[in-house]
Amino acid sequence: MSSLPQSVHIVFIPLLAQGHMIPMVDMVRIFASRGAVATIYTTPVNAHRFRTTVDRSSELGMPIRLVEIPFPCKEVGLPVGYENLDILPSPELLAKFYDAMGKLQKPIEKHLREQTPAPSCIISDRYIFWSSETAQRFGIPRFVFHAMGCFSVLSAHNVKHSNCSDSVTSDMEPFEVPGMPKGFKITKAQLPGNFVRQQDFEVFRGKMQEAEMAAQGVLFNSFDELEHGCVEAYQKTIGKRVWCIGPVSLCNKDESDMFQRGNEASSDAEKCMVWLDSMKPRSVIYACLGTLCRLAPSQLMELGRGLGASQQPFVWVIKRGEGDSELENWLMEERFEERVKGRGIVIRGWAPQVAILSHRAIGGFLTHCGWNSTLEGVCSALPMITWPLFAEQFVNEALVVEILRIGVRVGAKVPVRWGEERKVGVLVRGDEIARAINALVSGDEEGEERRKRAAELGQKARQAMQEGGSSHSNVSRVLQYIMAGPTQEVV
Ligand SMILES: O=c1ccn([C@@H]2O[C@H](COP(=O)(O)OP(=O)(O)O[C@H]3O[C@H](CO)[C@@H](O)[C@H](O)[C@H]3O)[C@@H](O)[C@H]2O)c(=O)[nH]1
């Protein structure tokens, strides 16, 4: 623990989604381990998921307060308990969900007024735009946390603020994203934001933008060496300090920290870890497609076929509520688990992803390219099979495959609209999946080079988080900035 003055108190307000809250809890632990008092606001359902992690960190001497504020589901017309985006069945309820998030402002401010030491700074998700007003009220700085990578945020910004796609007539025609330190192409269909092009979301986007402009700085869960000049470019673009302080998942050093990160692990998880112990180093493919999209049963069957046909050992994560009885019937009829016994494991529910990816037996990651998963794969020095589904995942895929050159593409060329996965059905066939797995594990020159690049990048990720590393130093800079004192008077 460092020698920060006892009065440095950082307030964290996450978006209630696994891909946002998990890295924010890691961030809380990183700042608390440097001696800052950290308060994180959440709601009862989410607090339940993180209580063990926070209690354990507190036992280790990290001054963390996990504060539960009731989520006003009834008030906004949401079913009770819908407190995280991974529980929402479809984006149709998004407006109500964000409405409920907005109603947390008053109780949070009330709670904050009673805190000692008084808050010194707010670090809040980009989606929590109203916390900009809270920061002004308390006369303290606010830093925006982007749960996505700087590469994708800069790409989205550059496309939006240029006319680069005006002359592109087809949604499927690749065009060059302007102003990127390293060029890459994308199609209109793959641009981030496709899944919610509702008018009210445009208003919401505008508010987030305004709040970012009012902030004192921007934090990314990433590291400078991964971003290839995008940090400097984004800093210049928005005229604000931009700091990479990750990969934050690396703060989970021992297995129990990794095991309980984000949610209670499925009962299949222990069995999986024991099985992994028996497998050859770098031999197993881990397949997990994030927390939000729920693929159609027919698509999941194709994934099962692909994993089965590849002859490669695998761990396959099927999230709760995905596939349902249709998939389960197929698995039974095919005697899937019996057939792959000794070679493959299915985890139903929540997988301890970071613990699994960190296991020496894992040799490849089939991922949807959510930013956290992408980074976690990088940290474990893994080559990846990329299967983006929606949001900015196609941009992350381009980073992994074209810029970092540690991935093999398998996914479809267009996004699935979140909530409409069942309508779309099969996007990727089993034989294509098997082919991509075999290409990834191949011992040919390309495969070897890919593994070598992944190993080098993994090492850079770990170095960034060590004392003297780029992200470690950036955390110190953020703390120095906070200690420099309030920016405005309390009103
Ligand atoms: O069984 C599971 C499933 C997920 N995870 C963890 O959950 C997080 C998932 O985050 P991410 O990989 O980013 O996926 P999503 O939850 O799908 O992420 C959403 O949020 C991200 C951050 O904004 C975006 O990059 C994605 O596009 C968006 O889908 C990661 O830390 C995983 O380790 C587990 O531990 N176990």
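Computed from a predicted model, the values in this text were never measured in an experiment. Numbering of ligands and ligand atoms starts at 1, following listing order.
Atom 23 (O) of ligand 1 has His20 NE2, 3.0 Å as its closest protein atom, hydrogens excluded (heavy atom only). In terms of protein heavy-atom proximity, atom 17 (O) of ligand 1 is closest to His368 NE2, 3.0 Å. Of the protein's non-hydrogen atoms, the one nearest atom 29 (O) of ligand 1 is Gln393 NE2, 3.0 Å. Among all protein heavy atoms, the one lying closest to atom 27 (O) of ligand 1 is Glu392 OE1, 2.7 Å. The closest protein non-hydrogen atom to atom 19 (C) of ligand 1 is Leu292 CD1, 4.1 Å. In this structure, atom 9 (C) of ligand 1 lies nearest to the protein heavy atom Thr291 CG2, 3.9 Å. In this structure, the protein non-hydrogen atom closest to atom 18 (O) of ligand 1 is Gly19 CA, 4.1 Å.
Within ligand 1, counting atoms from 1 as listed, the ones closer than 4.0 Å to a heavy atom of Trp371 are 13 (O), 24 (C), 25 (O). For ligand 1 and Ser373, the ligand atoms under 4.0 Å from any heavy atom of the residue are 11 (P), 12 (O). Of all the atoms in ligand 1, the ones that sit under 4.0 Å from a non-hydrogen atom of Met148 are 23 (O). Within ligand 1, the atoms closer than 4.0 Å to a non-hydrogen atom of Asn372 are 10 (O), 11 (P), 12 (O), 13 (O), 22 (C), 30 (C), 31 (O), numbered from 1 in the order shown. Atom numbering of ligand 1 starts at 1 in the shown order; those under 4.0 Å from a heavy atom of Ala147 are 22 (C), 23 (O). For ligand 1, the atoms lying closer than 4.0 Å to a non-hydrogen atom of Ala351 are 1 (O), 2 (C), 34 (C), 35 (O), 36 (N). Interface atoms of ligand 1 facing Phe390, defined by a heavy-atom separation under 4.0 Å, are 29 (O).
Screening Arg142, Lys240, His146 against Glu212 for a side chain to side chain donor-acceptor pair (under 3.5 Å) leaves a single residue, His146.
The existence of a salt bridge linking Asp254 and Arg56 is confirmed by a sub-4.0 Å separation between a basic side-chain nitrogen and an acidic carboxylate oxygen. Classification of Asp257 and Arg29 as a salt-bridged pair holds, one side-chain N sitting under 4.0 Å from a carboxylate O. Arg348 and Glu337 are joined by a salt bridge, as a carboxylate oxygen and a charged side-chain nitrogen come within less than 4.0 angstrom of each other.
Proximity of Gln353 to ligand 1, defined as any heavy-atom pair under 4.0 Å, is shared by backbone and side chain alike. For Ile22, every heavy-atom contact with ligand 1 shorter than 4.0 Å involves the side chain, none the backbone. With a 4.0 Å cut-off on non-hydrogen atoms, Lys319 does not touch ligand 1 at all.
Side-chain atoms of Glu376 and Gln353 include a donor-acceptor pair closer than 3.5 Å. Checked by atom type, the side-chain pair Ser222/Glu227 shows a donor-acceptor distance below 3.5 Å.
The shortest N/O to N/O separation between Asn396 and ligand 1 does not fall below 3.5 Å. The shortest N or O to N or O distance between Glu376 and ligand 1 is below 3.5 Å.
If you look at Phe204 and Phe129, their ring centroids are closer than 6.0 Å. Remark: aromatic rings of Phe71 and Phe97 are close, center separation under 6.0 Å.
Closest heavy-atom contact between Ile128 and Pro14: CD1-O, 3.7 Å.
Residues meeting the side-chain contact (heavy atoms from CB on, under 4.5 Å) test with Arg451, sequence neighbours left out: Pro383, Glu448. In this view, Ala47 and Thr42, Arg51, Leu66, Glu68 satisfy the side-chain contact (heavy atoms from CB on, under 4.5 Å) rule, not counting sequence neighbours.
Ring pair Trp330/Phe336 is tilted by interplanar angle, where 30° to 60° counts as tilted.
For Arg261, the closest heavy-atom approach to ligand 1 falls below 4.0 Å.
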